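One structure is given here, and the rest of the page talks about it.
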Amino acid sequence: MARTDDPGADICSDARRLLTPSEAAARVLATLVPIAGVEPVPLGRARGRILRGAIAAPRSLPPFDHSAVDGYALAFRSAADPAAGFRLVGRVAAGRPRSDEVRPGDAVRIFTGAAIPPGCDAVVMQEHADVVDGVVMPRRSYRAGDNIRLEGEDVPAGADLLPGGTVIDPRHLALLAASGLSHVTVGRRLRVAVLSTGTELRAPGETLSEGAIYDPNRVMLLALLDHPAIKTIDAGIVPDDAAGIAAAIGDAAATADLVITSGGVSVGEEDLVRGSVEAAGGFLTPLKIGMKPGKPLAFGRIGEAFILGLPGNPLAALVGAMIIGRQVVAALAGMAAPALQDLPATAGFERRVTPGRIEFAPALITGRDRDGTIIVETLGRGGSARLMPLAAADGFCVIPADAEKVSPGDRVRFLPMDRLCLFGSA
Ligand SMILES: Nc1nc2c(c(=O)[nH]1)N[C@H]1C(S)=C(S)[C@@H](COP(=O)(O)OP(=O)(O)OC[C@H]3O[C@@H](n4cnc5c(N)ncnc54)[C@H](O)[C@@H]3O)O[C@H]1N2
Ligand code: MOO
């Protein structure tokens, strides 16, 4: 946690040097602990929710030894002369077990999923046996244990079914249901409020006055946060007025675990978010990150809530949310942030770049080179305020911070747009 005498000290950046995105994330994450509070939810509503602790298997899976095939269960090991065949004495099907012992050398007709009758220790598939005058004659060699699924071979009772931090997906639901659990205890939903700062901003549908623009950031950020483990709160637009911003952030912080703002985190005197947070009794530490876009970012606390201040330019806000915001949200919600799955790519473009900031440039996939690597072309040079290149892109071309020039054929990385979510798909 941050020190009380200098609350922002742990994440404070050295003003002379840009932080790498990983350094910035590490400083922010060092101040975070997952939110407290769990709740039971029925499995039908558990998709996307996050386990806080490991779940122990209440019973073995499978719960009893059963047949993997349709065929004949044999009392094989006890048989005096297996070569003489096995006398067919009964029948078991899934859900209709037999409790009395099958005698040495006898066989029972069995179907997939049926419990192995006591006394039997191998199953032959019906395609591999003849039945002559009520005697089962296996046509192939077989061994004890063949075609039997053993109790607990999938999950022994008491084993960890799922580790804490799991974001429950359909596979996990199947495992929980098979174990007989109707409910699962998950972390309560993370409450995230999103507000846009800027006197120039209007909500779509409102009339635009001179110098005003519509606000794309809020709807974009709220949609990025749309997830079963998150309760989003639309905290609206706040004009650039210190008292108004302080009040709005204070209100949002009273109901949210995390307040995400956009705009007003840069260096101009109209950039009021930091002062407003301080006036409301919190702190907000500016972070200058060596990434483009998304350089100015701020992180802090007000009351019990954390605050992430994203830049106002939409592309910068999106990249800041994707690179830093994801990790903040994941840490508060009690899960490991899913790794951004970037792909190797070949540049199909030429471009001079100013070294020092890793760049996330909207890009299209335009083909494949000889070894099958995707070729990418960047779109809409240099505009962190531009939305069309972002909307048209297949993803981001990631240009390393130490590059001075990118030429056709150079190796770059590519982050597909469909992986662009705060949490990974749940
Ligand atoms: N002297 C300097 N000026 C700027 C620097 C710098 O280092 N020194 N950094 C630039 C960079 S990089 C960015 S990114 C922006 C970040 O600015 P702020 O976060 O303070 O945002 P604002 O100044 O409020 O707005 C910047 C720009 O974005 C527009 N905006 C704001 N909110 C929204 C919104 N919700 N939807 C769409 N557009 C929004 C706003 O109208 C401005 O055009 O600072 C640079 N300046
Ligand atoms: O970080 Mo700013 O995002 O380059 O426009």
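In listed order, ligands and their atoms are each counted from 1. For clarity, every value in this text was computed on a predicted model and none was experimentally measured.
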Salt bridge present between D215 and R202 (N-O < 4.0 angstrom):
no
Under 4.0 Å from any heavy atom of N313, which atoms of ligand 2 are there?
5 (O)
What protein heavy atom lies closest to atom 5 (O) of ligand 2? Include the residue and the distance to one decimal.
S384 OG, 2.3 Å
Excluding sequence neighbours, so at least two apart, what forms salt bridge (Lys or Arg N to Asp or Glu O under 4.0 Å) with R91?
none
Run the salt-bridge test on E39 and R49 with the 4.0 Å N-O cut-off and return the result as yes or no.
yes
Ligand 2 atoms in contact with G294 (distance to a heavy atom under 4.0 Å):
1 (O), 2 (Mo), 3 (O)
Which segment of R357 sits under 4.0 Å of ligand 2 when only heavy atoms are counted
side chain
With side chain to side chain donor-acceptor pair (under 3.5 Å) as the rule and sequence neighbours excluded, what pairs involving residues 172-182 come up?
D169-H172
Below 4.0 Å from any atom of ligand 1, which residues have a heavy atom? Give them in chain and number order, please.
S196, T197, E200, L201, I213, D215, P216, N217, S262, G263, G264, V265, S266, V267, D271, K295, P296, P311, G312, N313, P314, A316
Which of the ligand 2 atoms, numbered from 1, are nearer than 4.0 Å to a heavy atom of P293:
1 (O), 3 (O), 4 (O)
Does R109 qualify as a cation-pi partner of Y72, given the criterion of NZ or CZ under 6.0 Å from the six-membered ring centre and within 45 degrees of its axis?
yes
Close side-chain approach of L43 to H183, heavy-atom, < 4.5 Å
no
Near P296, which atoms of ligand 2 are under 4.0 Å from a heavy atom of that residue?
1 (O)
Atoms in ligand 2 flagged as close to K295, the criterion being non-hydrogen separation under 4.0 Å:
1 (O)
Taking D410 for the side chain and S407 for the main chain, is one N or O donor matched with an acceptor at less than 3.5 Å?
yes
S276 (side chain) donor-acceptor with I245 (main chain) under 3.5 angstrom:
no
A243: what forms a side-chain contact (heavy atoms from CB on, under 4.5 Å) with it, not counting sequence neighbours?
D241
